[in-house]
Amino acid sequence: MSGKYDHLDRVELIRLLEKRDRGRRLGLIWERDEIEADRAVDPHFIACDVVEELCERAAPWRNLIIEGDNHDALRWLRMTHAGRVKCIYIDPPYNTGAKDWVYNDHFVDTNDRYRHSTWLEFLYQRFLLARDLLTEDGVILVSINDENRAKLELLMEEALPGMNLGSLTWRSRTGSNDAKGAFLSKNHEHVLVFGNSGFRFGGTEKTYENYANPDNDPNGDWFADNLTQAKDQHERPNAFYPIQDPRTGIWYPCNPERVWTYPSRARLKKGQKIRTKPMEEWIEAGQVLFPKNQRIERWTTLDDLIKAIRDKNVPLSGGVPMIREDLPDLKSWIGRQVGFGIPNFKRYRKDLKTATKPLST
């Protein structure tokens, strides 16, 4: 054995390997100590000169353009703008092996064994500096392609812990040809979003075309919204129950696969508190819209009901029977007027919490 471990005996080598094994962790690993150092990373003092003949009007200036190595620029900005930057957008080199960044000429090419590690270390050093520039509600947005998105996201998790907010898919071009033989479009890239705790997008403006006031409701415009949630009877047992229209006496079964949005007062445990009104109060307020002009059935015997269930001749939701043989209280449906429509919720425009909806790709 030769190299930097020649001076170690067998026991010391075993101890070193055991220590290395204990140090392994989940995440991204790159050869930080085995790649040629980024020449911009040094202890020198960084200063910038103002070129006044290129400035518009007299000082103070609202905008600043810095020409130079980005590592040097970030170090200088950290001295003058730490905690003052609201948004940083980065379009980094994509590490494709082409000459897409000037440092290729120094130590990176397509055959470089440590090409990815060099790229990762290059970005890591700069993210550490950029992080210190952000305000409490600041955000960093970084563009990247499919090929290196996974590596970059893990790197940013390392440099910006706890700041990962998600990503956007960006359509960067149209009409590109399949490049890898899988007939998969390469028209899209990604924008990774990392922000401090106070950051949030403003969202996109909501549309109100579905709102109207056909019944002259004094509360204003409204629309018929869904009255169910994406939880089943086992996940939300206090929201799985039938409801009755107090005006007509017609009963409506609950979908076992998608229960009501609001729990029943009768299903709450003693002392249990909820963050919204129970279903009974929404019905009393007239905000539960019961169907009109619908099919209504009444089964007089258990046999008739079971036959209807097996024939799927009971109320359905998305093809799912809402009355089943295996559900509790099956006999309670005998003799009731059962509606085949599905109640909705009268949602008022005035009750909207925000004027925008979350930003989405």
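Heavy-atom basis, side chains included; hydrogens, waters and symmetry copies ignored.
Classification of the F223-Y211 ring pair by plane angle, with boundaries at 30° and 60°, yields perpendicular. Using cut-offs of 30° and 60° on the angle between ring planes, the pair W30 and Y124 is perpendicular. By the 30° and 60° cut-offs, the orientation of the rings of W282 relative to F345 is perpendicular. In this structure, W251 and W333 have perpendicular ring planes: the angle between them is above 60°, well past the 30° mark.
Closest of all the heavy-atom pairs between W260 and P253 is CZ2-O, 3.6 Å. For the residue pair G339 and P315, the shortest heavy atom distance occurs at O-CG, 3.6 Å. Of all heavy-atom pairs spanning H71 and D69, the tightest one is N-OD1, 2.7 Å. Pairing each heavy atom of Y94 with each of N148, the nearest pair is O-ND2, 2.6 Å. Heavy-atom minimum distance, L74 versus L133: CD2-CD1, 3.9 Å. Heavy-atom minimum distance, N226 versus T261: O-OG1, 4.4 Å.
No chain of hydrophobic side-chain contacts below 4.5 Å, direct or via other Ile, Leu, Val, Met, Phe, Trp or Tyr residues, connects I323 to L327. Clustering ILVMFWY residues whenever any of their side-chain heavy atoms sit less than 4.5 angstrom apart, transitively, puts M156 in a cluster other than the one holding L168. Clustering ILVMFWY residues whenever any of their side-chain heavy atoms sit less than 4.5 angstrom apart, transitively, puts I46 in the very cluster that holds I66. Taken together through direct or relayed side-chain contacts under 4.5 Å among Ile, Leu, Val, Met, Phe, Trp and Tyr, I243 and I250 form part of one hydrophobic cluster. Cluster annotation: I296 is not connected to V338 through the hydrophobic network of ILVMFWY side chains, with a link wherever side-chain heavy atoms come within less than 4.5 Å.
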Q. Stepwise, does the side chain to side chain contact (heavy atoms under 4.5 Å, CB included) test hold for I88 with F194?
A. CA-CA 10 Å; I88 299 174; F194 282 67; over 6 Å; no
Q: Give the intermediate values and the outcome of side chain to side chain contact (heavy atoms under 4.5 Å, CB included) for residues E325 and R310.
A: CA-CA 9 Å; E325 292 182 64; R310 293 175 180 177; 2.9 Å; yes
Q: Give the C-alpha distance, both sets of side-chain angles, the deciding distance and a yes or no for side chain to side chain contact (heavy atoms under 4.5 Å, CB included) between I14 and E18.
A: CA-CA 6 Å; I14 291 174; E18 288 176 344; 3.7 Å; yes
Q.
Using side chain to side chain contact (heavy atoms under 4.5 Å, CB included), reason through T356 and T204 one step at a time and then give a plain yes or no.
A. CA-CA 5 Å; T356 59; T204 55; 6.0 Å; no
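Here the straight-line distance linking atom CG of L359 with atom CG of L165 works out to 11.5 Å at 0.5 Å rounding. Here the CZ-OG distance, from F199 to S197, works out to 12.0 Å after rounding to the nearest 0.5 Å. Rounding to the nearest 0.5 Å gives a distance of 11.0 Å between CG of D72 and CG of L77. R265 contributes atom CZ, which lies 13.5 Å from atom CD of Q272 (distance to the nearest 0.5 angstrom). Separating the CD1 atom in I140 from the OH atom in Y89 is a distance of 13.5 Å, to the nearest 0.5 Å. With values rounded to the nearest 0.5 angstrom, E189 atom CD is found 13.0 Å from S167 atom OG.
Both tests hold for R349 against Y208: distance to the six-membered ring centre under 6.0 Å, angle to the ring axis within 45°. For the pair R131 and F127, the cation-pi test (distance below 6.0 Å, angle within 45°) is failed.
Enclosure of atom CD1 in I65 is not indicated, since only 12 or fewer non-hydrogen atoms of other residues, nucleotides or ligands lie within 6.0 angstrom. Within 6.0 Å of CH2 in W61 there are more than 12 heavy atoms belonging to other residues, nucleotides or ligands. Surrounding CD of E136 are at most 12 heavy atoms belonging to other residues, nucleotides or ligands under 6.0 Å away. Counting heavy-atom neighbours within 6.0 Å of R10 CZ, excluding the residue itself, gives a total of 12 or less. Applying the 6.0 Å contact sphere to NZ of K206 captures more than 12 heavy atoms from other residues, nucleotides or ligands. Counting non-hydrogen atoms of other residues, nucleotides and ligands closer than 6.0 Å to NZ of K350 gives a total above 12.
Contact of the P256 side chain with the R324 side chain is registered, since non-hydrogen atoms from C-beta on lie closer than 4.5 Å. With contacts defined as side-chain heavy-atom distances shorter than 4.5 Å, the pair Y241/C254 does not qualify. Taking 4.5 Å as the limit, some side-chain heavy atom of Y348 sits within range of a side-chain heavy atom of Q287.
Tested against W222, the residues D217, D351, D215 include a single side chain to side chain donor-acceptor pair (under 3.5 Å) partner, D215. With R149 as the fixed residue, the side chain to side chain contact (heavy atoms under 4.5 Å, CB included) test singles out one of L192, L154, V142: L192.
The pair R75-D42 counts as a salt bridge, with a side-chain nitrogen and a carboxylate oxygen less than 4.0 angstrom apart.
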